[in-house]
K.L.:
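I have a structure I would like to understand better, so I am pasting it below and will then ask my questions one at a time.
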Number of protein chains: 2
Amino acid sequence: MTIGEVSEKFQMTADTLRYYERIGLIPPVPRKKNGIRDFDEQSCKWVAFVKCMRSAGVQIEALIEYVSLMQKDTGIERRKNILIEQRARLQQQAETLRTTIERLDYKIEHYEELLLKKH
Amino acid sequence: MTIGEVSEKFQMTADTLRYYERIGLIPPVPRKKNGIRDFDEQSCKWVAFVKCMRSAGVQIEALIEYVSLMQKDTGIERRKNILIEQRARLQQQAETLRTTIERLDYKIEHYEELLLKKH
DNA sequence: CTATCAGCTGAAGTCGGCTTTAAGTCAAGT
DNA sequence: ACTTGACTTAAAGCCGACTTCAGCTGATAG
């Protein structure tokens, strides 16, 4: 797949994909002889993974470390720990969201009553 | 309460509190004769509210608008809509978090198996 | 009396995460 | 031949949300 197709598929610009590869957020993408990126299954999976993680707010730094360990095919323990660490962060964030949404619910309800009475 | 006490209480710097007031993220804080901020119940509630919203990622812009409507004691309908809008954004984010955490769970499990076999 | 905390404005600095620009080259498809 | 879309690096630009600084004054506590 060309970078254009991948960018279409995942709804992100080609620039972003190149940027991700450049900073090591995804491993180097295989190329055709002419140097043009030829995303295979593997690369697409990485893109999907990174997109998912980033959308949830996982830090780029952590992902870069993870990806680099994957390439060196080393640090399984460390890799697992990175994932656990990030999961904990996301769980914390989910909890924060939960309480905030509750708070909003409460306030919205209040406005609903207010608007009913007004009439 | 002085700004120092409030900053202590909510674990945010005095600078940030002043910044919040300056940009209208919290309504003007009452002052003593000498001009020193004297946070009352009301002001503290605002701080708590904004802190909560911000920690969940509600945009400053939306909060500023909300706060300004509160002060003018107007736009109840609009106020409610702001809250509903932001709630929807947070719910979307919560959903994103949920799927990402699931994905991490899956990967972590995989590492666990791997580490077991290794031994 | 001095240290500490408070106040002010306004601007500059920082950081993360892109996004764009410059200034090209290269190759496949019509 | 021409268009399209790919490629390169390095640097600059942008945005949001703080954070800090500069350069003061003024009040309170020990």
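Quick note on labels: first sequence line is chain A, next is B, and so on, each numbered from 1. Every value quoted in this text rests on a predicted model; they were computed, and no experiment measured them. Hydrogens, waters and symmetry mates are skipped; everything else that's a heavy atom, side chains included, is used.
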K.L.:
Between atom CZ in A:Arg18 and atom P in D:dT8, what is the gap in whole Å?
P.N.:
7 Å
K.L.:
Using a 4.5 Å cut-off on heavy atoms from C-beta on, say whether the side chain of A:Glu21 contacts that of A:Ser43.
P.N.:
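No, every pair of side-chain atoms sits at 4.5 Å or beyond.
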K.L.:
Classify the ring geometry between B:Phe49 and B:Tyr66 as parallel (under 30°), tilted (30 to 60°) or perpendicular (over 60°).
P.N.:
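Tilted.
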K.L.:
Rounded to the nearest 0.5 Å, how far apart are CE of B:Met53 and OG1 of A:Thr100?
P.N.:
5.5 Å
K.L.:
State which of C:dC18, D:dT28, D:dT19 makes the closest approach to the side chain of B:Asn34.
P.N.:
D:dT28
K.L.:
Nearest whole Å is fine: how far is C:dT9 C1' from B:Arg22 CZ?
P.N.:
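To the nearest whole Å, that distance equals 8 Å.
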K.L.:
If I take atom CD in residue B:Glu21 and atom C1' in nucleotide D:dA17, what distance separates them, rounded to the nearest angstrom?
P.N.:
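Rounded to the whole Å, the gap is 18 Å.
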K.L.:
Whole angstrom is fine here: how far is it from CD in B:Glu5 over to C1' in C:dC5?
P.N.:
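Taking atom C1' of C:dC5 as the reference, CD of B:Glu5 is at 11 Å.
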K.L.:
Can you check whether B:Arg31 has a side-chain N or O nearer than 4.0 Å to OP1 or OP2 of C:dC8?
P.N.:
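Yes, B:Arg31 has a side-chain N/O under 4.0 Å of OP1/OP2 on C:dC8.
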K.L.:
Working to the nearest 0.5 Å, report the span between CD1 of B:Ile23 and CD1 of B:Ile64.
P.N.:
4.5 Å
K.L.:
Side chain of A:Thr2, heavy atoms from C-beta onward: which of C:dC8, D:dA6, D:dC7 has the nearest atom to it?
P.N.:
D:dA6
K.L.:
Between atom CD1 in B:Ile23 and atom C1' in D:dG16, what is the gap in whole Å?
P.N.:
10 Å
K.L.:
Which sits closer to the 5' end of DNA chain D, B:Glu61 or B:Ile36, going by the nucleotide each is nearest to?
P.N.:
B:Glu61
K.L.:
May I have the distance from A:Met12 (atom CE) to C:dT19 (atom C1'), rounded to whole angstrom?
P.N.:
13 Å
K.L.:
Both B:Tyr19 and A:Ile3 contact DNA chain D. Taking the nearest nucleotide for each, which residue is further toward the 5' end?
P.N.:
A:Ile3
K.L.:
Take atom CG of B:Asp38 and atom P of C:dC5, then tell me their distance rounded to the nearest Å.
P.N.:
18 Å
K.L.:
Please report the distance, rounded to the nearest Å, between CZ in B:Arg37 and C1' in C:dC8.
P.N.:
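The distance from CZ of B:Arg37 to C1' of C:dC8 comes to 9 Å, rounded to the nearest Å.
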K.L.:
NA contact type, B:Asp15, heavy-atom cut-off 4.0 Å: base, sugar-phosphate, or nothing?
P.N.:
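The residue B:Asp15 makes base contact.
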